Every structure is written in C-alpha cells, then in structure tokens.
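Order of the sequence lines fixes the chain letters, A, B, ..., with proteins taken first and strands second; residue numbering starts at 1 for each chain. Excluded from the calculations below are hydrogen atoms, water molecules and symmetry mates; all remaining heavy atoms, backbone and side chain alike, are included. Everything quoted here is computed from the prediction, not taken from an experiment.
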There are 2 protein chains.
Amino acid sequence: MSAGARPTLRDVATQAGVSPAIASRVLNADPTVRVREETRERIQGVAKDMGYVPHSVARSLRGARTGAIGLVMHGLDSPINVDVLAGAQAACARAGYVTLLADAEQLAGDHSQLSAFLARGRLDGVILHSGYGEEDRLLEAITSSVPAVLVNSEDGRPVPTVRVDDAAAARLATEHLIELGHREIAYIAGPEGSQTSDRREAGYRDTLARHDLGGAVDVVHAGWSAGAGTTAVHELLRRPTLPTGLVVANAVAASGVLSAFRDAGLAVPGQVSVITIHDSWFLQHLSVALTAVRLPLQVLGATAADLLIDTIEGRSPVRDVAITEPAPELVLRRSTGPTSRR
Amino acid sequence: MSAGARPTLRDVATQAGVSPAIASRVLNADPTVRVREETRERIQGVAKDMGYVPHSVARSLRGARTGAIGLVMHGLDSPINVDVLAGAQAACARAGYVTLLADAEQLAGDHSQLSAFLARGRLDGVILHSGYGEEDRLLEAITSSVPAVLVNSEDGRPVPTVRVDDAAAARLATEHLIELGHREIAYIAGPEGSQTSDRREAGYRDTLARHDLGGAVDVVHAGWSAGAGTTAVHELLRRPTLPTGLVVANAVAASGVLSAFRDAGLAVPGQVSVITIHDSWFLQHLSVALTAVRLPLQVLGATAADLLIDTIEGRSPVRDVAITEPAPELVLRRSTGPTSRR
DNA sequence: ACCGGCTGAACAATCGATTTCTCAGGAACT
DNA sequence: AGTTCCTGAGAAATCGATTGTTCAGCCGGT
C-alpha cells in the first residue's frame, strides 16, 4: 500500500505543523487539552491520510498498560474448555484487549516459556483455567507479577475465582432421574481431588437426601476424559447389579460412558439412563443422543474476563463470583427414560 | 513476594557497580563484549538476587522484535480447527514466542479490534486460518503490517500457504470404499467455494476415474457443520436411490450425516457406508463409530508456525508448503463395510 | 621517555508515545 | 497604561533496554 515505513507520531505532527505533544493529545481525545477546532481537524486529517497507527509498544512503555490479557488454559482437547476460552477471548476483545493464549501444562513445565509469557510489560492480567495439578506451580508466578482471576478453581485461593453453579446443575440432573422413577442413581465423578467434581457431588447427594434416598449414594471416581468414562462403566459392570441411573460429571466422560454401554450391549435408556453436565454440539450425535444440563460456559469465560478487566481498570473490588444467571437448564434428549426396574 | 516494584536494568547495574550498557550485554550474552570474568559473575549474581526480569516492552521498543505471533482463527467450535490452533500455539511456544489469539470473524467485523490486534509493535507475524469468507477482508490489513502465513487457504494468494494433502486423503477414503465393493459413492462437500473441499473433491474424482467409475461422480454440497451434514442427507433421501458409500469432507459434518441416517432408520454400514476426513476423539463415540482418514492437523499448525518463524528470523525464503509427512492414514471403525448391493 | 595497541567499561543516542511543565500572545479588566 | 487571565501550544523529561562510539588506563616495544 504505502511506500515506506509506517509513520510515527512525530511524522504526523511535523506534517500537520504541530508538536508531537499536541498531536498525541488530539489523537487520544484528551479532554483536558484545548486546541482550535481547525488544528484538531488538521491533525486528525493528516493522521488519517498518512495511515497513522499508534505504536502499541511505545505507548505501553510510557503508560503502565499494555492492553493485553493472558489466557492460561488447560485441556483444549475438550470442547468444554474451548467454550470457556471462547467466552473469555470474546469478552476481552469487546473490551479492547488482545489476548495471549498459553497452555497451562506447557507453561508449568517450561520455565523459559513461563518467563517469556510473564515478561514485564507484556500483560495487564491473567485468567487462569487450569487443571488442579498445575495450578499451584503457576499461581504464585502469575500473581506475583500481574492481577489474576481463576476459573472453576478450588476454594481458599488468595485470588478471586469465577465458577458456574455446579451444585445446582447436579441437583437438576439428579432430580430429573428421580422424577423418571429412578431410585438407584450413581454419580460418575471427575478426578479425585477436583473440587468442581466435589461440588457437583454435593448437589447430587443433597438431592438424594431430600428424596430420602441418602442411603443410595453411590460415587465412582473417573476423570474428565472419554476413556475415564469408559473405565468407570467397566468398574460398574463388575458389580452384581447396576444402578438404573447415572449422573456423569462431564460430557466428554459421558461419551465414553455411552460407548462402553453400547459395547457391553446394554440399552440406554432401556437398562440404564444417563445424564451429564455441560452441553455441547456433539451430544446429539453420540451413540444415544445425550440428555444434559446446560451450563453457561461462555458466560463463565466472559465473566472472568469482565471481572479481571474491572480489576485492571480499578473499577471494582476483586471477589469470588458464582454465575447463577442464566441458570442451569435441562436439555432433554434420548439417554434418559423411565426406569424399568422398581 | 518481594516488597517493591520490579528491578530495572539500571537497578541491577547500579547494584553491581557497573553501567547499564555492560549489564545489558552481559545478561544477553553479547559475544562482542569483553568483560572480566569477575565482573560478569557479579552482574549475573546481582540480577539473580534481585529477581531481575527484562521488560519485554522496553526491549521490543528498541529492537524490532516483539516475540509475539498472532493466531487468527475461525471456527473454534470445531475440534478440527482447535487441533490446528493447538499445534501452532505449541510450536510458537517452543520457539520462544508467545501467541495472541483472535477470532477471524470478530476481527473482520470490528475495526477497532483489528487495529488493536495489529497495532504496530505488537506482533512479529500472523498465522491466519480463516473461513474463506473473511479472508479477503483481513488479509490485506494483516500483510500490510506484518509477515503472514495462511493455513489451508486458497491458491493464488500473495502469501505463503501451508496445507495438508487433501487430495491424498480423499483418495485414500474413496479407495477404501471401492475396495469394499462400493460403486456408487457420493462426496459430501464442504461449502461451495471452499478450495479445501475442492481439493478433496479432486482426489475423490481421481480415484473414481482410475477405477473407471468416472461416470458415477456424485457431489453434494453441504458445509463444515453437523447441521450441514444432516441437510445433505435429507437431500440424498429425496432421491429414488441412495449411493452405497459416502465420503464426507469433514468429521463434524459427518456427525450430522450419521445422525440423519439414524433418524431416518437407515443402517450404517448396512445400507450405506460412511467415511470422513479428519480424525478426532469424538468419532468413536458417534451413533456408529466413524471410519476416517487421519490428517496431521497439529503438524499443520506447527508447520505454519515454523515457517512463519523462519521468515521472521530471516532464515528461509517464504513459500507454500504441502504437508505429506506423516501421510494421511486410514482409521478403521464401524461405519464402513462391504456393500450389500451390486 | 614516548607512542601504539589492547582491555574493560562508560557515555549517550535511540526506539515512539505520553505527560508535566512552561510559555507566548492577546483579551479583559482596573 | 499596567496587570491579570485565559487560550493554544511547545519543550523536555520519561518509560527501560539496546548499541555504536568513545575513552581511560596499562602493557610492551623502541
């Protein structure tokens, strides 16, 4: 397009016959500056004609801000986590921030990547959505250099956390199975030690208890992957009797659960009903279209971003947030039905 | 952790009793500088003790480089695209670059997001993996400000492109169906105008022709989404006879294809065999475990990153690359079988 | 003694934008 | 006529690191 190098502020100012100082203020719409309307227009015209684009590096060297937020994520192989990422990314973009993406595991494992990511002046803040394993290693490094917000993390952190209403989602799922007549309902949990899974478990236990089924509590620990779901089913199949209903903590694991039942020749929902937490496009294409409780994952990411941005821009006190709006919602498909046993 | 603000280079130099100039050279291992071993050690010791971290912004203001690469992606709702992203991100990280993530559609639609992203000094280069719709709008803006590499893009661009071997993948898929005895094989294409889909179509046509089935060419245009796959099946079902084999251009669309057959009560592979291009974790959990041709998507992303980095660091001439290694590979599952018709 | 050359390191300019002062000139007021 | 005040704008410092140039001392050679 244009011939040479990009014009600098000085070029614009010279061309417009003013000092860089005035040019800067005019182009940034500094409300405290007074210039003649004519001068203002001349500067703006020249800037436009020359295709002036501010040099973000020079700008953030002087000011303290960089206009960049770091997104440290784990498990991008799961659409669930990608939804959170997409929500956060979009919210940052809307607020005028660019986003730096990093993989939590890589960052935790490679010190040079970590220091490149956290190099001074690179980021205004970080959103950390990590597996519970890497978190400790990363958290201190991050928070000692910039403000941070955690997503779906553990309690008791010295950093604000944003989370969805896990307990309510699990209550809704369990309630649904009970309404269909199920009395033997197991919970296929996430990995041992995950508080996200624990919160869902609490909702499941609550609901059973409220229906006087407290004695039927049945928790199988699995994980977040499809393979973990399959393994959990194999474990169930070794028992003399199978529960009639399953609440699975995660939609990806539930895929593995359904495949395992298919491979074992068990009918869903004929012999066992399955409901999961988190909705995604692939659920309706699984071996049995999977009934789920939809949680607002993109909203989760966006809320984390908004909270962080408020903090960065000094607008609000930082604190934990639980997202209750939109509320968890039942998405009925074909994997749940009336129990055939009593 | 430490009390005050982070130390600057000057702080380190002062503490070590040297000038910032020497400190900088020592800490960056400048080979042209000569210092006493004792001085070198003193500077390095002080830097370590004070927890000195270089200020990336100041550094890139002086030097030309920023150590950041932009990843402009589309369709993060598809695991296929996320694989490419993950590959590119990891390769950049390995090479010491941080990655800025942006959504192609958002960027194309919001001028202020675009200029924040492309602000001078923010990026050393961009990898663009966009739908064919937004590409034109973005491409000029991007290439006029930084080096770029396209992923799976159209031919004839003024920018180097990296792509997988689409034709070979489609040949492999088509060949597989022919070996199973199929003679009526349709190709469920991507969106009209997509050259990725066109290249796969060429491989499909090639293979039919080589088996004297050139007259049986049957292309149905769909899209990349599951819904598009479903729609394509509905179109097929309106015909008097159905092909016995289907090559679907994309794994997500193929999910919709399988669901449509299930809903229509047609057996896969009993009445129709389905094979798709691209492999992903969810394929084995679909209503019928889906046979696919695996393409190295992470390698695709990583290769694009490596190529861009070579360009940025002035190591290689920029040119188009087609990835042939690892070669497309057949992943047998349950959606293909011998034809029941002749 | 004097000069050339090497060693080890400091000086100062630079990158581009922001921002705090400062200041010239004219209007308004006494 | 002199003082004050406001308008409109410029000068210069600053952010932190990099790098081309310069320079003080010391050695050996003549």
Checklist line | Between C/dA9 (C1') and B/Asp30 (CG): distance, integer Å | finding: 13 Å

Notebook entry, point to check: Whole Å only: how far is the CZ atom of A/Arg6 from the C1' atom of C/dA17?
Noted result: 17 Å

Note to self: Minimum heavy-atom separation for A/Asp320 and A/Val159, please, with both atom names.
What the structure shows: OD1-O, 4.1 Å

Notebook entry, point to check: Does A/Asp83 reach the main-chain N or O of A/Leu297 with its side chain, forming a donor-acceptor pair under 3.5 Å?
Noted result: no

Next item on the list: Identify whether any heavy atom of B/Val57 sits under 4.0 Å from a base atom; if not, whether one sits that close to sugar-phosphate; answer base, sugar-phosphate or nothing.
Entry: nothing

Notebook entry, point to check: Looking at A/Arg59, does any N or O in its side chain come under 4.0 Å of the phosphate oxygens OP1/OP2 on C/dT18?
Noted result: yes

Next item on the list: Answer with base, sugar-phosphate or nothing: what part of the nucleic acid does B/Arg25 contact at a heavy-atom distance below 4.0 Å?
Entry: base

Checklist line | Other residues, nucleotides, ligands: >12 heavy atoms within 6.0 Å of A/Arg315 CZ | finding: yes

Next item on the list: Identify the heavy atoms of A/Val12 and A/Val46 that sit nearest to each other, and give their distance.
Entry: O-CG1, 3.7 Å

Note to self: Applying a 4.0 Å non-hydrogen cut-off, can you work out what B/Arg36 is touching in the nucleic acid: base, sugar-phosphate, or nothing?
What the structure shows: sugar-phosphate

Next item on the list: Send over the distance from A/Ile22 CD1 to C/dC23 P, rounded to a whole Å.
Entry: 16 Å

Note to self: Nearest to the B/Arg62 side chain among C/dG8, C/dT14, C/dA10, which nucleotide is it?
What the structure shows: C/dT14

Margin query: Using whole Å, what does the distance between atom P of nucleotide C/dA27 and atom CZ of A/Arg34 come to?
Written below: 17 Å

Check: In terms of the nearest nucleotide of DNA chain C, which residue is placed more toward the 5' end: B/Gly63 or B/Val35?
Finding: B/Val35

Item checked: Covered region of DNA chain D, 5' end to 3' end, by chain A [heavy atoms, under 4.0 Å] -> D/dT7 to D/dA17

Check: Roughly how many Å is it from CG in B/Leu9 to C1' in C/dA10, rounded to a whole number?
Finding: 14 Å

Checklist line | Under 3.5 Å: donor-acceptor pair, side chain of A/Asp110, backbone of A/Gln106 | finding: no

Note to self: When you measure from the side-chain N and O atoms of B/Ser19 to the phosphate of C/dA9, is any distance below 4.0 Å, counting only OP1 and OP2?
What the structure shows: no

Check: Would you say C/dA17 has OP1 or OP2 under 4.0 Å from some side-chain N or O of A/Asn28?
Finding: no

Next item on the list: Please check if the side chain of A/Ser56 supplies one atom and the backbone of B/Arg120 the other of a donor-acceptor pair under 3.5 Å.
Entry: yes

Check: How close or far is atom C1' of C/dA17 from atom OH of A/Tyr52, stated in whole angstroms?
Finding: 6 Å

Check: Could you state the CG-C1' distance from A/Leu27 to C/dA17, rounded to the nearest angstrom?
Finding: 11 Å

Notebook entry, point to check: Any sub-3.5 Å donor-acceptor pair from B/Asp124's side-chain atoms to B/Arg65's backbone N or O?
Noted result: no

Item checked: B/Ala21 side-chain proximity, nearest of C/dT18, C/dA12, C/dA9 -> C/dA12

Notebook entry, point to check: Under 4.0 angstrom, heavy atoms only, what part of the nucleic acid is B/Ser60 near: base, sugar-phosphate, or nothing?
Noted result: nothing

Item checked: Between C1' of C/dA17 and CZ of A/Arg65, the distance in whole Å -> 15 Å

